[in-house]
Amino acid sequence: MASKTLTEYERKRLENIKRNDEMIASLMLQHKAADLSSSIKRLKPQIRPLKRHSPEKNNKAPVVIRRSLRARGIPPDAAAKGSPPPPPSPAKSPSLTIRDASSNAPGKDRRLFETVARMCENAPLSPPKRMSSTDGPLDLRSLKLEPEHVARIISGRIMTVQFFPFVDRRVVAVGSKLGKVSFWDVDRGLDGGDDADDDGVYLYDPHTSPVSGISIQPFSLSKVLTSSYDGFIRSMDVEKETFNMSYSGDDAIYSLSQRPLETNVYFGEGQGGLKVWDERAGKVLSSYSLHEKRINTIDFSSCNANLMATSSTDGTACIWDLRKISNHRPASLRIHQHEKAVHSAYFSPSGSCLATTSIDNRIGILSGDNFMDVSMIRHDNQTGRWLSSFRVIWGWDDSYVFVGNMKRAVDVISTVKKTTKAMESPLMTAIPCRFAAHPYRHGTLASTTSGGQIYMWTSI
DNA sequence: TCTCAATTTATCCTC
DNA sequence: GAGGATCCAATTGAGA
């Protein structure tokens with residue numbers, strides 16, 4: 001294929017497909033060997049429905065972390081001598097294998113690797129598309145919550161949730177306040193599973209503080225970036241089976257994002273700082289002071305990747321033009337002022353609107369030329385101390401947004417009519433705070449809670 | 001003007 | 001079922 005005819009996205013995709021083919025071949029060999037030595041029956045996996053844990057059951061919850069002695073900072077001979085193990089080192093090793101960070105039963109990780117490898121093979125040669133007028137509007141009344149789409153997949157408060165950009169599969173990644181990262185392969189059953197206890201949940205422990213961001217680029221599906229208040233950005237590489245440190249700093253990292261088609265990492269650090277990190281070269285490309293207080297979210301416009309939106313606890317949401325630098329920082333195209341901290345600012349699927357969420361009980365919808373048309377919608381955003389703050393996200397077109405509701409529901413707000421409707425379900429027993437919309441499967445919405453639960457709404 | 005204590009609020013766990 | 005513990009948010013307001 002002549003490279004001249006390929007877009008940058010396609011070229012990166014093809015490079016990855018080639019690498020993934022090699023990985024699949026390797027995995028298949030290992031898988032066959034495992035099959036020979038194991039007589040585990042292939043059973044359809046069961047996703048545990050959400051229910052309150054009894055104390056006894058809770059002790060069995062996937063909180064116990066199994067890591068190597070090295071990863072726990074324990075000298076090899078200490079265990080051999082029978083001396084009591086010292087407490088785990090507060091700082092994790094820069095270099096971790098996935099096995100070191102894994103809390104899963106031996107061999108279980110490999111199923112996740114295989115799924116990722118298979119999905120890489122089927123990855124699309126185009127980025128996710130927003131809904132077109134020919135798709136027709138999505139009937140939000142068709143979104144339902146089924147018992148098999150409810151699960152507790154991590155302990156503690158979920159801080160961030162992302163879908164893998166797989167076309168034909170629903171796999172979510174969540175990060176918790178305790179520094180853990182969990183993956184839920186909802187469609188595990190489609191493989192005809194080989195383990196009765198394989199619930200499709202894979203738990204890892206890469207950070208020592210809250211996980212603030214997860215990023216997965218469509219052209220590099222086997223690499224998952226995670227950021228944390230512990231000052232680390234880690235890169236989970238399924239091909240190399242590592243969870244290595246990509247970046248480390250002294251300040252907490254509160255937000256993480258990547259531009260489309262780019263491997264550089266944008267993250268909010270400390271009190272209002274933003275850095276651009278070249279992951280391949282391992283160096284900081286740019287460092288800016290954009291806000292007076294922490295940056296809660298970073299997002300890029302789909303129609304113009306030079307436009308970046310940030311939200312901050314300093315009470316503002318800003319749109320920056322990365323092509324123009326003035327006063328040693330990107331030129332501010334638009335500053336949207338709230339009365340209190342702003343917890344999110346996300347561009348719409350078309351890139352022509354911006355939705356902001358603030359503690360001041362308002363949701364802002366910015367549109368029009370230079371985002372100068374502003375609609376402020378009242379909404380109860382008082383989540384208090386124990387819940388993750390609400391963050392409005394867009395659906396699959398520009399006509400509505402999703403946000404949590406303190407009465408254990410999902411509010412759907414029409415950006416056109418400015419009306420709010422609540423999606424409720426008796427299965428939803430906790431308040432959904434953080435959301436993710438599946439990039440390819442319109443109508444698949446993940447909502448997560450401060451108790452580690454995930455509710456995946458699907459369009460029927 | 002600055003510092004710091006009090007307050008809010010949901011969920012899990014133990015009894 | 002009641003009540004305690006949680007505690008890396010953010011704000012408010014009293015007091016120095």
Side-chain angles (χ1 to χ4, degrees), chain A residues 48 50-64 90-92 150-160 174-181 205-213 226-233 248-256 267-273 291-297 311-317 337-344 356-362 379-391 403-411 424 427-434 447-455:
Chain A
R48 259 181 307 154
L50 174 69
K51 56 185 175 186
R52 278 183 173 268
H53 287 216
S54 67
E56 188 182 2
K57 276 196 170 181
N58 192 55
N59 289 338
K60 294 177 183 174
V63 180
V64 179
K92 284 191 163 59
V150 175
R152 189 191 306 277
I153 63 171
I154 207 164
S155 57
R157 184 194 307 179
I158 292 177
M159 305 283 289
T160 182
V174 302
S176 81
K177 193 176 68 70
L178 301 174
K180 300 176 193 302
V181 173
D205 186 21
H207 293 286
T208 56
S209 295
V211 178
S212 53
T226 60
S227 63
S228 167
Y229 289 15
D230 64 14
F232 283 10
I233 294 174
S248 74
D250 295 332
D251 295 318
I253 297 172
Y254 294 110
S255 45
L256 175 78
F267 61 95
E269 186 183 55
Q271 294 304 305
H291 288 273
E292 291 177 11
K293 293 185 178 176
R294 57 191 256 182
I295 296 173
N296 294 308
T297 60
S311 64
S312 170
T313 299
D314 69 7
T316 63
Q337 185 75 48
H338 276 270
E339 290 177 10
K340 294 181 181 174
V342 186
H343 274 280
S344 72
T356 63
T357 321
S358 170
I359 297 286
D360 69 4
N361 281 346
R362 285 184 171 81
H379 188 269
D380 179 10
N381 296 332
Q382 300 302 309
T383 51
R385 182 179 188 171
W386 310 117
L387 301 184
S388 295
S389 56
F390 286 161
R391 290 179 178 176
V403 64
N405 177 312
M406 290 299 282
K407 293 185 171 63
R408 298 183 179 83
V410 179
D411 277 342
E424 296 172 304
L427 295 171
M428 202 157 65
T429 57
I431 296 169
C433 298
R434 298 284 162 91
S447 52
T448 62
T449 76
S450 290
Q453 299 100 325
I454 182 163
Y455 307 104

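Just so it is clear, the model here is predicted, and its values are computed rather than measured.
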* Among A/Gln453, A/Lys407, A/Arg408, side chain to side chain contact (heavy atoms under 4.5 Å, CB included) partner for A/Ile431 -> A/Arg408
* Does any donor atom in the side chain of A/Ser344 or A/Ser311 lie under 3.5 Å from an acceptor atom in the other side chain? -> no
Write out a two-atom table: protein N or O, nucleotide N or O from nucleotides 7-9 of chain C, distance below 3.5 Å.
unit_1 : atom_1 : unit_2   : atom_2 : d
C/dC8  : OP1    : A/Lys177 : NZ     : 3.4
C/dA9  : OP1    : A/Tyr229 : OH     : 2.7
C/dA9  : OP2    : A/Arg294 : NH1    : 2.3
C/dA9  : N6     : A/Arg385 : NE     : 3.4
C/dA9  : N6     : A/Arg385 : NH1    : 3.2

* A/Arg408 CZ to B/dA10 P, straight-line distance once rounded to whole Å -> 8 Å
* Can a donor-acceptor pair be found between the side chains of A/His338 and A/Thr356 at a distance below 3.5 Å? -> yes
* To do: Would you kindly give the CD-to-C1' distance between A/Gln453 and B/dA10, to the nearest whole Å?
  => 11 Å
* Starting at atom CG of A/Asp314, determine the distance to atom C1' of C/dT11, rounded to an integer number of angstrom. => 15 Å
* Asked: Do we see a donor-acceptor contact under 3.5 Å between the side chains of A/Asp411 and A/Asn405?
  -> yes
* Asked: Rounding to a whole Å, what distance do you find between A/Lys407:NZ and B/dA10:C1'?
  -> 14 Å
* Structure fact -> Taken to the nearest whole Å, CG/A/Asn405 to P/B/dA10 is 12 Å
* Asked: Going by atom types only, do A/Thr313 and A/Asn296 share a side-chain donor-acceptor pair under 3.5 Å?
  -> yes
* Between B/dA10 (C1') and A/Ile158 (CD1): distance, integer Å -> 15 Å
* Distance, C1' atom - from B/dC13 to C/dC8, rounded to whole angstrom -> 22 Å
* Structure fact -> Nearest heavy-atom approach of A/Ser388 to A/Arg157 is OG-CD, 2.9 Å
* Contacts of type ring pair (Phe, Tyr, Trp, His ring centres under 6.0 Å), residue A/Phe390, not counting sequence neighbours -> none
* Counting only heavy atoms not in A/Gln337, do more than 12 fall under 6.0 Å of its CD? -> yes
* Close side-chain approach of A/Tyr229 and A/Asp251, heavy atoms under 4.5 Å -> no
* Distance test, side-chain N/O of A/Lys340 to OP1/OP2 of C/dT12, below 4.0 Å -> yes
* Taking a pair as Watson-Crick (N1 to N3 plus N6-O4 or O6-N4) or G-U wobble (N1-O2 and O6-N3), both under 3.5 Å, which stems of 3 or more consecutive pairs involve DNA chain B? -> B:1-8 with C:9-16, B:10-15 with C:1-6
* Please report, rounded to the nearest Å, how far the P atom of C/dA10 is from the NZ atom of A/Lys293. => 9 Å
